[in-house]
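Down below is the structure, laid out as structure tokens.
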Amino acid sequence: MAEKPWDGRFSQKTERVVESFTSSINVDKRLYSHDIAGSIAHCRMLAEASIITKKESAELVQGLLKIKKDIESGRFKYTDSLEDIHMHIEARLAADIGKVALKLHTARSRNDQVALDIRMYMRQETLAVIDRLTDLREILLSLAGNHTGTIMAGYTHLQKAQPVLFAHHLMAYYEMFSRDTERMRDCLKRIDVMPLGSAALAGTTYPIDREYVSGLLDFPKVSANSIDSVSDRDFIIEFLASASICMVHFSRMSEELVLWSSYEFNYIELPDAFATGSSIMPQKKNPDIPELTRGKSGRVFGSLIALLTIMKSLPLSYNRDMQEDKQPVFDAVDTLKACIEVYIKMLPNLKINKEKMLHGASSGFLNATDMADYLVTKGMAFRDAHACVGKAVSYAIGKEKELHELTLEELRFFSPLFSQDLFELLNPARMIERRKSFGGTAPENVLRAIKKGKKDIGRERKK
Ligand code: ARG
């Protein structure tokens with residue numbers, strides 16, 4: 001075999017610097033198991049189509065399986081002079097089993113081979129992400145289930161707005177991660193398409209059977225256009241977009257955990273095992289996990305931008321630029337999975353300061369809307385009621401009192417419609433209980449949402 005499988009027409013040796021510049025082996029060696037599985041399916045098909053003999057195919061398969069073992073036991077040697085994982089495996093096969101190895105690459109190209117490998121990798125990882133996101137959603141459901149009586153201040157503009165159940169707040173994240181799971185499932189439809197047999201770009205002259213390969217590798221669909229098959233990386237971009245949105249959700253949750261664990265809020269305490277101290281300030285307990293998660297979202301967005309930029313303006317079909325897809329996608333997959341993993345471990349161990357949360361919901365005029373709604377039930381138009389309560393709030397601020405601490409007499413100064421039955425409406429539990437509109441924070445709604453979530457997950461797990 002020539003030193004490089006493609007150097008037949010070359011008369012000069014490759015420059016060292018070119019070898020290291022063009023090599024992707026350090027990155028794409030991760031694809032080895034998919035590469036070998038793809039090659040095995042390919043040689044089975046070659047034999048089935050009588051392009052090689054059954055005996056040759058069996059020798060190739062055996063050789064490939066041995067290489068897999070060698071890689072997994074750490075005996076495999078990598079070198080920059082062999083560019084990528086595909087070349088490494090092929091060269092090693094030739095060294096191990098001799099001439100018959102030279103038949104493996106019949107009717108395929110590295111262009112469709114790498115497209116197959118990355119699709120198999122993406123399929124495996126997307127399924128893993130879906131699986132762990134489902135576990136995370138389950139944890140959110142059970143956490144919410146424990147807090148259907150825990151009251152907190154709900155915020156808009158980071159200003160106290162109206163009281164809500166902590167469970168309702170948690171269920172908001174459940175909804176976000178459910179959409180993320182759905183997006184991943186949708187991505188999977190575009191990932192799960194079999195490109196092998198497109199060869200370099202135009203298909204091949206051999207009588208190959210692409211459906212057969214597809215069946216062996218468990219793909220529901222064969223790619224339709226050979227040019228598109230070797231140039232398409234949309235499925236990676238789509239995954240990275242979904243991963244980025246998911247990281248936005250992690251980042252928002254992280255931001256809240258950072259805030260809530262601060263001395264000023266003190267709504268939650270992070271488990272000691274998930275925080276660190278300061279090397280100079282002995283009193284510190286820092287929320288590193290949420291902070292790092294918030295920070296790592298930037299890496300995943302970066303991967304998305306990298307892929308979009310790599311693919312933008314590339315002429316059809318394959319271009320070597322596309323080799324740069326792997327590092328960002330591997331990094332994004334690792335980062336997303338690590339964030340899901342650490343949250344799965346951390347969330348059930350959060351300490352929730354229920355009293356602090358309730359206290360936060362009991363002051364700061366969170367009952368102003370309910371007071372205005374009360375006036376509406378007594379016949380006032382909402383805008384007028386809004387203005388009237390606004391004046392009462394301003395008065396109460398001057399008196400350093402909450403709305404419910406004003407006397408009926410004081411309130412009647414703002415409207416004669418106020419009477420004693422107002423006061424029982426102004427406490428947080430009652431305010432929450434009355435928000436029964438679909439999707440609102442009333443306990444019965446939240447309990448129903450939790451129940452539905454459990455049912456949905458049960459159904460998803462069976463798929
Ligand atoms: N290492 C290459 C990649 O990852 C494999 C395909 C190379 N194809 C080629 N025509 N040079 O994209």
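Note that the numbering runs from 1 along the sequence shown for the chain. In this text the structure is predicted, and so the values were computed from the model without any measurement. As the structure lists them, so they are numbered: ligands from 1, and atoms in each ligand from 1.
The CG atom of Asp209 sits 9.5 Å away from atom OG of Ser214, with the distance rounded to the nearest 0.5 Å.
Of the protein's non-hydrogen atoms, the one nearest atom 12 (O) of ligand 1 is Tyr318 OH, 2.5 Å. Among protein heavy atoms, atom 10 (N) of ligand 1 sits closest to Asn111 OD1, 3.1 Å. When hydrogens are left out, the protein atom nearest atom 2 (C) of ligand 1 is Gln323 OE1, 3.3 Å; that is the closest non-hydrogen contact. Nearest protein heavy-atom contact of atom 11 (N) of ligand 1 is Arg110 NH2, 3.6 Å. Summary of contacts: the protein heavy atom closest to atom 4 (O) of ligand 1 is Lys326 NZ, 2.6 Å.
Ion pair Arg119/Asp232 flagged as a salt bridge, since at least one NZ, NE, NH1 or NH2 atom sits closer than 4.0 Å to an Asp/Glu carboxylate oxygen. Checked for salt-bridge contact, Arg110 and Glu83 meet the test: a charged N lies under 4.0 Å from a carboxylate O.
Between Phe330 and Tyr121, the distance separating the two ring centers is shorter than 6.0 angstrom. In this structure, Tyr173 has its ring center at least 6.0 angstrom away from the ring center of His249. Between Phe76 and Tyr32, the distance separating the two ring centers is not shorter than 6.0 angstrom.
Residue Glu83 has no nitrogen or oxygen atom sitting less than 3.5 Å from a nitrogen or oxygen atom of ligand 1, judged on distance alone. Residue His86 has no N or O atom closer than 3.5 Å to an N or O atom of ligand 1.
Taking each of Asp84, Thr22, Val114 in turn, the one with a heavy atom nearest to atom 1 (N) of ligand 1 proves to be Asp84.
Close approach of ligand 1 to Ser24 (heavy-atom distance below 4.0 Å) involves ligand atoms 1 (N).
The closest side-chain heavy-atom distance from Val333 to Thr126 is not below 4.5 Å.
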